[in-house]
Protein chains: 4
Amino acid sequence: MNQPRTKRGEQTKAKLLAAAEGVFAEQGYQAASIARITERASVAQGTFYLYFESKLDLFEQLVDDLNRRVRKAMSDGAARGSNRAEAEREGFREFFAFTAEHPALYRVVREAEFVSPGAMRAHYERIVEGYREGLERARAAGEIGDVDPEVAAWALMGVGEMIGMRYVLWPTGDDGPYGTGATPVPDDVFDEMVAFVQRALGTAPSELTAAAPAARTQEDS
Amino acid sequence: MNQPRTKRGEQTKAKLLAAAEGVFAEQGYQAASIARITERASVAQGTFYLYFESKLDLFEQLVDDLNRRVRKAMSDGAARGSNRAEAEREGFREFFAFTAEHPALYRVVREAEFVSPGAMRAHYERIVEGYREGLERARAAGEIGDVDPEVAAWALMGVGEMIGMRYVLWPTGDDGPYGTGATPVPDDVFDEMVAFVQRALGTAPSELTAAAPAARTQEDS
Amino acid sequence: MNQPRTKRGEQTKAKLLAAAEGVFAEQGYQAASIARITERASVAQGTFYLYFESKLDLFEQLVDDLNRRVRKAMSDGAARGSNRAEAEREGFREFFAFTAEHPALYRVVREAEFVSPGAMRAHYERIVEGYREGLERARAAGEIGDVDPEVAAWALMGVGEMIGMRYVLWPTGDDGPYGTGATPVPDDVFDEMVAFVQRALGTAPSELTAAAPAARTQEDS
Amino acid sequence: MNQPRTKRGEQTKAKLLAAAEGVFAEQGYQAASIARITERASVAQGTFYLYFESKLDLFEQLVDDLNRRVRKAMSDGAARGSNRAEAEREGFREFFAFTAEHPALYRVVREAEFVSPGAMRAHYERIVEGYREGLERARAAGEIGDVDPEVAAWALMGVGEMIGMRYVLWPTGDDGPYGTGATPVPDDVFDEMVAFVQRALGTAPSELTAAAPAARTQEDS
DNA sequence: AATGAATGAGCATTCATTCAT
DNA sequence: AATGAATGAATGCTCATTCAT
């Protein structure tokens, strides 16, 4: 009563997941109804329960799926950077791009504490885990300052989430009741934020960051 | 049809607000029912509508009220500091203390995007406004580096929110379905976080921050 | 617990009755709330129960009062006529004038079957009684044809009510959700209707009716 | 989300309409609860909303349906008559028969001004339209006097409604709180009323009407 | 006489889920 | 695999009425 056994079933489940992502992005988890999701997926209501045990099950599968994908995007981005500073920069770039493309993830996770606390914590912990490992490696390599990787990772998570909310999701929230807004973070904001983070981490300067409009503090005095 | 006109009415409305804060903290906005709130306040269900137009109206009044109080606490904390670094430190301390005492604020705001987007944005914007003004003054006084106050303020908001969620609200979330957890942020985490922020802002060192276990990076090497 | 004992009480009850008539006319009995009525009367809700036992009691007092007044107006009108035809004409004229000034009566009575069947029947029966007595006298005097006074009286009631609804209450029903419309019946419609009734009753022709655009049938052939 | 797609759904909707007609007839629109209607139809409350958007929607569908049927019955009755007088007589006969069988129509329409003014006006206007067309044809054919078809049609509507209320619905209103009374109009009343109408219209005498106990007025003297 | 706070039963409506076809 | 009809518990909200002051 869960995994599709035929190619047709496969497609139906995929249609349902895609429809759910859209509806969740527009209305949130609580306001999204199975009726609305199945309607958007063009299947009958009963069909839903062929592939999901409950609304909650759908939610958790969706968060899990999106979480996997955002982490993949972020690590792909980071891998593109040829030094630590670039890796940080590109990781954030992908994070915001993903947020813009999949507002559902961001929005739904914020409702998740009262829906599935486990799914919510797992989501954040997995992303933080990625940050932390990166920070640990960077610190071992002397590319960043003497920061506590765990605390710093949570702080980075917070910066990314808040900047994403403010600059990616708010501006054009005009389609649907709450919009499914999707704009890139303006370049200057992005640069400022990256500089903020790199000062916080003490990331070794590179050509890129040297060019950024960052504060020059202790060294200046 | 809204404001209490007698002392008794005043008390009843206060009881309702207090009960609502508790229920929201435990169950979130969506799951909280008027029945549960009035029951906890020991008044009849109809009484609720003497003072609130709807569940949403209650929500907005509550968020507004808590927002006012958290900002007061933060600015009182900052005022206690005798220099910029101490002001930052004490502001965050009060923020976390408030979060520990009023988990409802934190939790409910995260559901708010789909409940009252306006209330949610107003909440963040007001806090950020306070941060930004502080940063502008500090920059003019040469107490911090050359940061963009707006972007930095949103970043600080993000750091505070995420650390608050992780270290204040998660640990003991065991009473009620999702807990009303309330622990102080562990000292070492708090110190690390403050150091993180101060490096990001380029806050001029003081005895306090000099003593903190912060990263000493470029200079050290 | 019912009749006002002081001059002030007298005024309060009168304010309540007037307010009720207005609210009933606009919203009907069912949708009218005590809260709305007391608000319009500028008294507290509790005050209502000083003068009325219940919403139903108010309703019955109001219908009774209006019924008394409409019958008075109609018989005064009829008395003004110097012959049978004029009496009929003037009675109807007053009936429509009253309907225009007191739409509440008309509107509320139509809801009354499910509110207070007794009040509703009494209202109609009393008016019909007036018609019937008039018809009996007229028949005895040879002023009208050989009609059954009871059946004819009910038919007259029906004609008056329907023409009143259609031509007095519908046209300008634009203030408030359903309007409190009040226009005089257009002269030509009024004349047609009176002629209709007088042919039905076989009212002896007079100068007035002779001038009306009525059908002249059997006699003509 | 509205029209049944299967035979079973068809039956369920029909059961709901029938139950609603019964409950409306007994208690009126306002007092009728969805719970009562679904209970009588032996379906769950939620089922109601599969076929009706709201209580109001049900009301309008029901009035529309009954209106269609009463007009069909009336025109079938009129068609049975072999001359104008008979057509009038048979039309009224069917109208009263319908009222006796479907007291809901009559009763509910009287509450309708405050429920759905549009539905109420449409109901009357459609019936009046039928009368008017009949009168226009009859006048062109010289079968009735020189009456204004519009005003006369409204007057006929009023006569029919009031006589129907008085003689069909009042007598045996004893089952249920207000009864669902249903008696034929007594023959003598019916004859009197038809004669009243025919004198008013100046309907050309026929064998039928000649036999009726109608007033013979001007001619007699 | 008047107030207005408080009550609590009652109602329309929603929605996740089940089931017969 | 898919459908869509059916369920019924749950919820926000209204309102006539009562009561303490």
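Worth knowing before you read on, the calculation uses all heavy atoms, side chains too, and leaves out hydrogens, waters and symmetry mates. Each chain gets a letter, A, B and so on, in the order the sequences are listed, and its residues count up from 1. The model shown is predicted, which means the values in this text are computed figures rather than measured ones.
OP1 or OP2 of F/dT14 has not a single side-chain nitrogen or oxygen of B/Tyr49 nearer than 4.0 Å. Contact check, D/Thr6 against F/dT3: no side-chain N or O comes under 4.0 Å of OP1 or OP2. The phosphate of E/dA6 has OP1 or OP2 within less than 4.0 Å of a side-chain N or O from B/Thr12. Side-chain nitrogen and oxygen atoms of A/Thr47 include at least one within less than 4.0 Å of the OP1 or OP2 phosphate oxygen of F/dT3.
Side-chain atoms of C/Lys13 and C/Gln61 form a donor-acceptor pair, as typed in the model, at a separation below 3.5 Å. Side chain to side chain, C/Ser116 and C/Glu60 meet the donor-acceptor criterion of an N or O pair below 3.5 Å.
Atom CD of A/Gln11 is separated from atom C1' of F/dA2 by 14 Å (rounded to the nearest Å). Put simply, CG on B/Asp57 is 14 Å from P on F/dG12, counting in whole angstrom units. Distance CD (C/Gln30) to C1' (E/dA12): 15 Å, rounded to an integer number of Å. Atom CZ of D/Arg5 is separated from atom C1' of F/dA6 by 15 Å (rounded to the nearest Å). Rounded to an integer number of Å, the gap from B/Phe48 CZ to E/dT7 P is 14 Å. One can place CD of D/Glu10 at 14 Å from C1' of F/dG4, the figure rounded to the nearest angstrom. Nucleotide E/dA12 holds its C1' atom 12 Å from the CG atom of D/Leu56, rounded to whole Å. Across the protein-nucleic acid pair, A/Ile34 atom CD1 and F/dA6 atom C1' stand 17 Å apart, rounded to whole Å.
Which of F/dA2, E/dT13, E/dC11 sits closest to the side chain of D/Ser54 comes down to E/dT13. Set against F/dT7, E/dA12, F/dT17, the side chain of C/Gln45 has F/dT17 as its closest nucleotide. Distances were taken from every side-chain heavy atom of A/Arg8 (C-beta onward) to each of E/dT3, E/dA12, F/dA2; the shortest belongs to F/dA2. Residue C/Ala44 places its side chain closer to E/dT3 than to any other of F/dG4, E/dT3, F/dA5. Taking only side-chain atoms of C/Tyr51, from C-beta outward, the nucleotide of E/dG8, F/dT7, E/dA1 with the closest atom is E/dA1.
Residue order along DNA chain F, read from the 5' end via each residue's closest nucleotide, puts A/Gly9 first among C/Lys55 and A/Gly9. Taking for each of C/Val43 and B/Ser42 the nucleotide of DNA chain E with the nearest heavy atom, the 5'-most of the two is the partner of C/Val43.
Using the Watson-Crick or G-U wobble rule with both distances under 3.5 Å, F/dA10 pairs with E/dT13. Across all strands shown, nothing is found opposite E/dA1 as a Watson-Crick or G-U wobble partner with both distances under 3.5 Å.
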(message) If you apply the rule salt bridge (Lys or Arg N to Asp or Glu O under 4.0 Å), what do you find for C/Lys7 with C/Glu10, and how did you get there?
(response) CA-CA 5 Å; C/Lys7 197 169 293 184; C/Glu10 200 87 56; over 6 Å; no
(message) Under the criterion salt bridge (Lys or Arg N to Asp or Glu O under 4.0 Å), I'd like the reasoning laid out for C/Glu113 against D/Arg110: C-alpha separation, chi angles, the key distance, then a yes or no.
(response) CA-CA 9 Å; C/Glu113 182 161 16; D/Arg110 290 179 69 92; 5.0 Å; no
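C/Thr12 and C/Thr47 make their closest contact through CG2-CG2, 3.8 Å (heavy atoms, listed as atom of the first residue, atom of the second, distance).
Although no hydrogens or angles enter the test, the distance criterion places a donor-acceptor pair under 3.5 Å between the side chain of D/Asn67 and the main chain of D/His123.
Note on B/Ala31: nothing from the nucleic acid sits closer than 4.0 angstrom, heavy atoms only.
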